[in-house]
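One-based numbering along the sequence shown.
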Amino acid sequence: MDSWSKLSTSLNSINFAQAGARVSKGFNSSVQATRERLGQVTADEITELPQEYKDLEARVDALRAAHISLLKITRVYESDSYDYPVQIQESLSELSSSIGYTVTSFAASNLKGTNLPAPAAPPAPPASQHKTLPHALTRAAHTAAVTVNESAAGPEGTALETDKLGKAFGLYAQGWERVSAARLDQDAAIRDNFLHPWQTTLNASIAVAMKARQSVRVSRLELDAAKQSLKGANPSKQEHARLEVENAEDDLVQKTEVAITLMKTVLENPEPIKNLNELAKAQLIFFSSAAEALSAVQGEIEELSVAAEGEYRKSRDH
């Protein structure tokens with residue numbers, strides 16, 4: 001009985017006349033939009049919006065397109081591996097090692113105290129490595145330095161000679177190790193100071209302005225639909241139809257003013273320029289740090305190159 005009473009109260013609270021009017025208005029707007037799309041409405045039957053509104057609309061469209069265009073590219077900074085040559089293969093290898101370690105550890109701990117032979121405790125999986133091109137170059141150069149230097153070593157690790165190529169690889173690895181650290185700092189700065197606020201502007205400020213424009217479009221369609229209804233109304237319904245037109249006109253004026261205000265707010269917002277500056281600053285710091293790091297070792301590598309070439313020519317003269 002209580003449920004029936006609640007249902008009756010809910011039904012009584014609904015204004016079916018208003019609900020019906022909203023449905024009718026929405027249907028008429030859809031019909032108006034369809035007729036315009038099919039070219040069944042002349043230009044003078046479409047309410048002209050203020051020139052200021054149309055100018056702001058074009059500028060907001062351009063701003064939104066600029067945000068989306070740059071975001072498509074700069075989104076790569078959300079992941080370390082955007083310039084890493086073999087990140088997919090290494091990720092799969094790491095995943096396989098991790099799964100194998102987990103399964104073996106589980107078996108080793110759960111077969112204790114049973115008659116089944118327990119597998120030996122597995123070695124810990126290798127630590128995850130940064131998957132960036134600078135880190136990859138650092139690791140490759142370091143491995144090359146160790147390999148070349150070991151090949152030049154005598155019994156029990158005594159050095160037979162100083163291998164210039166091994167030393168050059170070591171210097172190269174040192175330079176790229178500093179570049180690697182700078183690269184991580186750059187990516188973090190871009191994510192925090194550019195990507196996040198850039199996406200916020202697109203998904204909040206610009207989105208609100210776009211929503212207000214959609215409200216203007218719907219209101220304009222409702223007005224033009226009301227005007228069409230007034231034209232075809234019989235004498236007994238003309239007064240009601242005329243009031244509908246007046247109300248629709250007031251609604252359109254109000255929503256247009258709101259949309260203009262919101263679009264101006266978006267266009268006057270200094271945040272996009274600030275964000276772009278943060279992007280350029282982070283990139284400048286990275287490239288400056290990279291140039292400094294590589295300059296510090298390139299001179300020594302060049303000296304080794306000149307010395308090696310001199311020794312080679314000298315050996316050929318004899």
Side-chain angles (χ1 to χ4, degrees), residues 14-72 196-276:
I14 298 174
N15 189 324
F16 287 99
Q18 286 185 0
R22 282 197 296 269
V23 171
S24 176
K25 189 182 291 186
F27 175 75
N28 292 338
S29 298
S30 298
V31 171
Q32 178 70 18
T34 302
R35 291 182 64 217
E36 289 180 9
R37 196 160 49 246
L38 296 176
Q40 297 175 352
V41 179
T42 60
D44 59 353
E45 291 179 312
I46 298 176
T47 300
E48 186 76 11
L49 295 172
Q51 188 60 44
E52 180 187 18
Y53 175 89
K54 292 189 287 186
D55 292 342
L56 290 170
E57 202 173 30
R59 291 181 61 196
V60 169
D61 282 342
L63 179 65
R64 181 173 180 271
H67 270 71
I68 292 173
S69 176
L70 192 57
L71 187 60
K72 284 181 181 178
H196 294 167
W198 194 259
Q199 289 172 316
T200 298
T201 299
L202 180 63
N203 297 330
S205 305
I206 295 177
V208 169
M210 299 297 289
K211 188 175 180 180
R213 284 170 48 180
Q214 178 61 18
S215 296
V216 171
R217 179 180 179 275
V218 171
S219 183
R220 198 271 303 163
L221 288 170
E222 288 176 354
L223 172 57
D224 290 343
K227 288 178 178 178
Q228 293 295 324
S229 297
L230 177 59
K231 284 182 180 180
N234 57 48
S236 63
K237 293 186 177 180
Q238 277 199 344
E239 182 60 24
H240 175 73
R242 185 181 60 78
L243 289 174
E244 287 289 326
V245 170
E246 290 178 1
N247 290 335
E249 285 175 341
D250 292 341
D251 183 69
L252 178 59
V253 169
Q254 180 184 0
K255 288 179 177 174
T256 302
E257 289 174 353
V258 169
I260 286 174
T261 300
L262 288 173
M263 287 192 288
K264 283 182 176 179
T265 301
V266 168
L267 293 168
E268 292 167 0
N269 183 14
E271 196 70 12
I273 299 178
K274 177 185 174 184
N275 302 153
L276 194 60

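Side-chain atoms of Asn234 come within 3.5 Å of backbone N or O of Lys237 as a donor-acceptor pair. Between the side chain of Trp198 and the main chain of Asn275, no donor-acceptor pair closer than 3.5 Å is present.
Between the CE atom of Met210 and the OG atom of Ser205 there is a distance of 13.0 Å, given to the nearest 0.5 Å. Note that CG of Leu49 and CG of Asp55 are 12.0 Å apart. Values are rounded to the nearest 0.5 Å. Atom CG of Leu63 is separated from atom CG of Leu56 by 12.0 Å, given to the nearest 0.5 angstrom. Distance check, rounded to the nearest 0.5 Å: CD1 of Ile273 to CD of Glu271 gives 10.5 Å. In this structure, Asn269 CG and Ile206 CD1 are separated by 9.0 Å, a value rounded to the nearest 0.5 Å.
Applying the ring-ring contact (aromatic ring centres under 6.0 Å, His included) test to residues at least two apart or on different chains, none of the pairs has a partner in residues 216-257. Sorted by first then second residue, the salt bridge (Lys or Arg N to Asp or Glu O under 4.0 Å) pairs that include residues 197-217, not counting sequence neighbours, are Glu57-Arg213, Asp61-Arg213. Sorted by first and then second residue, the salt bridge (Lys or Arg N to Asp or Glu O under 4.0 Å) pairs with a member in residues 226-235 read Glu45-Lys231; sequence neighbours excluded.
The two residues Ser219 and Ala248 come nearest to each other via the heavy atoms OG-O, 4.1 Å.
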_From CA spacing to verdict: side-chain contact (heavy atoms from CB on, under 4.5 Å), Thr201, Val266_ = CA-CA 8 Å; Thr201 299; Val266 168; 5.7 Å; no
*Tell me, with the steps shown, if Glu244 and Leu230 meet side-chain contact (heavy atoms from CB on, under 4.5 Å).*
CA-CA 9 Å; Glu244 287 289 326; Leu230 177 59; over 6 Å; no
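Shown here are the side-chain contact (heavy atoms from CB on, under 4.5 Å) partners of Glu239, two or more places apart in sequence or in another chain: Arg242, Leu243. When the side-chain contact (heavy atoms from CB on, under 4.5 Å) test is applied to Glu268, the partners found at least two apart in sequence or on another chain are Lys264.
Salt bridge annotation for Arg220-Asp224: present, with a cationic side-chain nitrogen under 4.0 angstrom from a carboxylate oxygen.
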Under 3.5 Å, which donor-acceptor pairs do the side chains of residues 253-263 form with other protein atoms, sequence neighbours left out?
| unit_1 | atom_1 | unit_2 | atom_2 | d |
| --- | --- | --- | --- | --- |
| Lys255 | NZ | Asp251 | OD2 | 3.3 |
| Thr256 | OG1 | Leu252 | O | 2.7 |
| Thr261 | OG1 | Glu257 | O | 3.0 |

